[in-house]
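Note: hydrogens, waters and symmetry copies are ignored here, and every other heavy atom, side chains too, is used. Computed from a prediction, not measured in an experiment: that's the story for all the values here.
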Amino acid sequence: MRLLFSHRLWFALARLPFRCAGRPLPFVPPCPICGQASLAHVPAGRCTMDYMGCEMIALYHALLFAGQPKPLGQIIQTFERRRWLLLGGRWGADPYAIERYLQEEGISFSEFSGKKQFSAFADAVNRPENRVFVLSFWLGNTVFSGAHAVTLVRREGELWAYNLFGRQTAPVAVTALSDLVSPERFIVGYVLGGDGHEV
């Protein structure tokens, strides 16, 4: 039996306030992070980035590859301050917070959410032009399997995934979106750039 959801309301219900006044802003070198296991020393919410940081890393990569980089420490602080962590970070972060962040920064993007929009997102990912994508999906057939978010970058016709696996040390080549996720496990996807926000 499948127990999955993709509607933003379910994620909003798990958002709890988290404040950590006085904690210094973590410094992470401004370069791609291939696997989040390397960030075990970086706190986020009540956990560390190796445990729950995939949404923030995906956003960090997307901004970096779109030519509008932001320090990862500032992204973490924003997610904490804006209550975008789920159960203080124990369940990760709200994948729809990426939409809010992009809107507030004035960055154009298109959004595709849920099973009905999976094929449209797959079409966008599979097109040959250079683009940057964020993909959020369930790892198994129930919500208890956990969710993950990755950045996909298409350059010169090739598609590369960043932070697909926690201990990844280099980008992973991907043939097609269907190699990563089925429509049933798809939560939300973002395409940076283009004509602007679409839902």
Practice item. Specify the closest pair of heavy atoms between Gly45 and Leu85, including all atoms of both residues, with the distance to one decimal. Key: CA-CD1, 3.4 Å

Review point. Rounded to the nearest 0.5 Å, how far apart are SG of Cys54 and CG of Leu39?
Key: 11.5 Å

Practice item. Measure centre to centre between the rings of Phe186 and Phe137, then say whether the value is under 6.0 Å. Key: no

**Study point:** Heavy-atom closest contact (Ala44 atom, Met49 atom, distance)
**Key:** CB-SD, 3.6 Å

Practice item. Give, for atom CG of Asp94 and atom CZ of Phe79, the distance between the pair rounded to the nearest 0.5 Å. Key: 8.0 Å

Point to revise | Listed partners of Thr48 passing side chain to side chain donor-acceptor pair (under 3.5 Å), at least two apart | key: Asp50

Revision key, fill the gap. Heavy-atom nearest pair, Gly35 first then Ser38, reads O-OG, 3.0 Å

Review point. Donor-acceptor pair, Asn163 side chain versus Gln36 backbone, under 3.5 Å?
Key: yes

Point to revise | Check: Ile187 and Trp138 side chains under 4.5 Å, non-hydrogen atoms | key: yes

Point to revise | Short side-chain to backbone donor-acceptor contact, Arg131 and Val191, under 3.5 Å | key: no

Check your understanding: Is a side-chain donor or acceptor of Glu80 paired with a backbone partner of Gln77 at a separation under 3.5 angstrom?
Key -> no

Review point. Below 4.5 Å, heavy atoms only, C-beta onward: do Phe109 and Gln103 meet side chain to side chain?
Key: yes

Practice item. Using the side-chain contact (heavy atoms from CB on, under 4.5 Å) rule, take Trp84 and Arg100 through it: C-alpha gap first, then chi angles, then the decisive distance, then the call. Key: CA-CA 10 Å; Trp84 291 342; Arg100 295 281 305 277; 3.6 Å; yes

Review point. Between Leu180 and Leu152, is any pair of side-chain heavy atoms under 4.5 Å apart?
Key: yes

Check your understanding: Of the non-hydrogen atoms in Pro69 and Leu64, which two are nearest, and what is the gap between them?
Key -> CB-CD1, 3.9 Å

Practice item. Decide yes or no on ring pair (Phe, Tyr, Trp, His ring centres under 6.0 Å) for Phe65 and Tyr162, but give the supporting numbers first. Key: CA-CA 11 Å; Phe65 292 121; Tyr162 287 80; 4.8 Å; yes

Check your understanding: So does Glu129 pair up with Arg154, basic N to acidic O under 4.0 Å?
Key -> no

Exercise for review: Identify the two heavy atoms, one from Met56 and one from Met52, that lie closest to each other, and give their separation to 0.1 Å.
Suggested key: CE-CE, 3.6 Å

Exercise for review: Ignoring hydrogens and angles, tell me if any N or O in the side chain of Asp179 forms a donor-acceptor pair with the backbone of Ala176 under 3.5 Å.
Suggested key: yes

Review point. Is the backbone of Ile33 close enough, under 3.5 Å, to the side chain of His61 for a donor and an acceptor to pair up by distance?
Key: yes

**Study point:** Sequence-distant partners of Arg155, side chain to side chain donor-acceptor pair (under 3.5 Å), two or more places apart
**Key:** none

Review point. With a 4.5 Å limit on heavy-atom distance, are the side chains of Val153 and Asn130 in contact?
Key: no

Review point. Are the side chains of Thr151 and Tyr60 in touch, meaning some heavy atoms are under 4.5 Å apart?
Key: no

Point to revise | Between OG on residue Ser108 and CG on residue Leu102, distance to nearest 0.5 Å | key: 9.0 Å

Review point. Any side-chain heavy atom of Leu159 sitting closer than 4.5 Å to one from Val125?
Key: yes

Check your understanding: Is His148 reaching over with its side chain to a backbone N or O of Leu135, donor-acceptor style, under 3.5 angstrom?
Key -> no

Point to revise | Side chain Glu105, main chain Ile107, donor-acceptor under 3.5 Å | key: no

Check your understanding: Step by step, would you call Trp160 with Val172 a side-chain contact (heavy atoms from CB on, under 4.5 Å)?
Key -> CA-CA 5 Å; Trp160 300 93; Val172 174; 5.9 Å; no

Check your understanding: Please walk me through it: do Tyr101 and Thr78 pass side-chain contact (heavy atoms from CB on, under 4.5 Å)?
Key -> CA-CA 9 Å; Tyr101 190 98; Thr78 300; 4.0 Å; yes

Check your understanding: Does a side-chain heavy-atom distance below 4.5 Å link Leu59 with Val134?
Key -> no

Review point. Using the ring of each side chain (for Trp, its six-membered ring), is Phe112 parallel, tilted or perpendicular to Phe121, with breaks at 30° and 60°?
Key: tilted

Point to revise | side-chain contact (heavy atoms from CB on, under 4.5 Å) between Ile75 and Leu63, intermediate numbers included | key: CA-CA 11 Å; Ile75 293 172; Leu63 296 170; 4.1 Å; yes

Review point. Residues in side chain to side chain donor-acceptor pair (under 3.5 Å) with Glu158, at least two apart?
Key: none

Review point. How far apart are the closest heavy atoms of Arg167 and Ala37, and which atoms are they?
Key: NH1-CB, 3.5 Å

Review point. Looking at side-chain heavy atoms only, is the closest gap between Val181 and Phe118 below 4.5 Å?
Key: yes

Practice item. Spell out, as yes or no, whether a donor-acceptor pair under 3.5 Å connects the side chain of Ser113 to the backbone of Val188. Key: no

